[in-house]
Amino acid sequence: GQNIDQPTEMTATEGAIVQINCTYQTSGFNGLFWYQQHAGEAPTFLSYNVLDGLEEKGRFSSFLSRSKGYSYLLLKELQMKDSASYLCAVREGNNDMRFGAGTRLTVKP
Amino acid sequence: KAGVTQTPRYLIKTRGQQVTLSCSPISGHRSVSWYQQTPGQGLQFLFEYFSETQRNKGNFPGRFSGRQFSNSRSEMNVSTLELGDSALYLCASSRKPVHSAGRETQYFGPGTRLLVL
């Protein structure tokens, strides 16, 4: 079937590093996005991967392995404001956007 | 530059009624996509419009429909509302259609929270 799986919840400590995994089985692949969504707010774009490898942007990095259907979002030097849901989304072969259910990250002092 | 705006922000309806939601994209953006977000299902794609034409449609019943106007503003209509339609409805805009956007991302509006009683 077609699925995008990510952990439901994660907890980490301020200043630490956390890795949020995403595995996907979709009909074709035309890119993978990560979004951040604070409670009650709209999702905001974090990163985009279409080729294998690591994309780094400040404290956030995203990795993709197309052969494994796997991506992760790495957050370094965690801050309290990073507490949010992180959504993994795949643009499928027919160009529909398919989203995972999201990972709710709680950052504790 | 103003962001994506959606109206109304909150709406309460009863079963069987119909509802129309509005989305104004970022100036210069011609693609508008609609999504339904629920706690259990996450974000699910409804449809995408580009230059007044529906480009893609997700797996939703025909009760869900939409349109786009010449100024790129879009409306979404849900007829014969059901309790399960209670959700946050998000619209997102981009300059290009989703299929050719490449790295370019969509920008989401704040959403309309619909409650069906």
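Each chain gets a letter, A, B and so on, in the order its sequence line appears, and its residues count up from 1. Computed from heavy atoms alone, side chains included, the values below leave out hydrogens, waters and symmetry copies.
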Would you mind writing out the side-chain donor-acceptor pairs for residues 11-18 of chain B within the sub-3.5 Å range, not counting sequence neighbours?
{"residue": "B:T14", "atom": "OG1", "partner": "B:Q17", "partner atom": "OE1", "Å": "3.2"}
{"residue": "B:Q17", "atom": "OE1", "partner": "B:T14", "partner atom": "N", "Å": "2.8"}
{"residue": "B:Q18", "atom": "OE1", "partner": "B:N77", "partner atom": "ND2", "Å": "2.6"}

Exercise. What do the steps show when you test A:Y35 against B:F108 for side-chain contact (heavy atoms from CB on, under 4.5 Å), and what is the final call?
Worked result: CA-CA 10 Å; A:Y35 288 86; B:F108 283 85; 3.5 Å; yes
For this session: Before giving the answer on side-chain contact (heavy atoms from CB on, under 4.5 Å), spell out for A:M97 and B:E48 the whole-Å C-alpha distance, their side-chain angles and the decisive distance to 0.1 Å.
Result: CA-CA 10 Å; A:M97 289 286 285; B:E48 181 201 7; over 6 Å; no
For this session: Tell me, with the steps shown, if B:Q37 and A:Q37 meet side-chain contact (heavy atoms from CB on, under 4.5 Å).
Result: CA-CA 12 Å; B:Q37 187 174 34; A:Q37 186 176 25; 2.8 Å; yes
For this session: Apply side-chain contact (heavy atoms from CB on, under 4.5 Å) to A:F99 and B:Y35, showing your working.
Result: CA-CA 10 Å; A:F99 283 77; B:Y35 297 87; 3.4 Å; yes
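Grouping the Ile, Leu, Val, Met, Phe, Trp and Tyr side chains by contacts below 4.5 angstrom, directly or via other members, places A:L74 apart from A:Y86. By the criterion of side-chain heavy atoms lying less than 4.5 angstrom apart, applied directly or through intervening Ile, Leu, Val, Met, Phe, Trp or Tyr residues, B:I26 is not grouped with B:W34; the two fall into different hydrophobic clusters. Follow the hydrophobic side-chain contacts under 4.5 Å out from A:M80 and you reach A:L46 in the same cluster. When hydrophobic clusters are built by joining Ile, Leu, Val, Met, Phe, Trp and Tyr residues whose side-chain heavy atoms come closer than 4.5 Å, directly or via intermediates, A:Y72 is not grouped with A:L51. Put simply, B:L81 and B:M76 are part of the same group of oily side chains (I, L, V, M, F, W, Y) that touch within less than 4.5 Å, one to the next.
Going from atom CZ of A:F33 over to atom CD of B:Q106 covers 7.0 Å, rounded to the nearest 0.5 Å. B:L43 contributes atom CG, which lies 12.0 Å from atom SG of A:C88 (distance to the nearest 0.5 angstrom). Summarising the geometry, atom CZ belonging to B:F45 is positioned 10.0 Å from atom CD belonging to A:E92; distances are rounded to the nearest 0.5 Å.
Only the side chain of B:L90 has a heavy atom closer than 4.5 Å to any heavy atom of chain A.
The contact list for residues 101-109 of chain A toward chain B, using heavy atoms and a distance under 4.5 Å, reads A:A101 by residue number. Residues of residues 109-117 of chain B that come closer than 4.5 Å to chain A, counting heavy atoms only, are B:G109, B:P110, ordered by residue number.
Annotation: salt bridge (charged side-chain N to carboxylate O under 4.0 Å, His left out) contacts of B:R9 (sequence neighbours excluded): none.
Surrounding NZ of A:K68 are at most 12 heavy atoms belonging to other residues, nucleotides or ligands under 6.0 Å away.
The greatest number of non-hydrogen atom pairs below 4.5 Å with chain B, out of A:A42, A:P43, A:G31, is found for A:P43.
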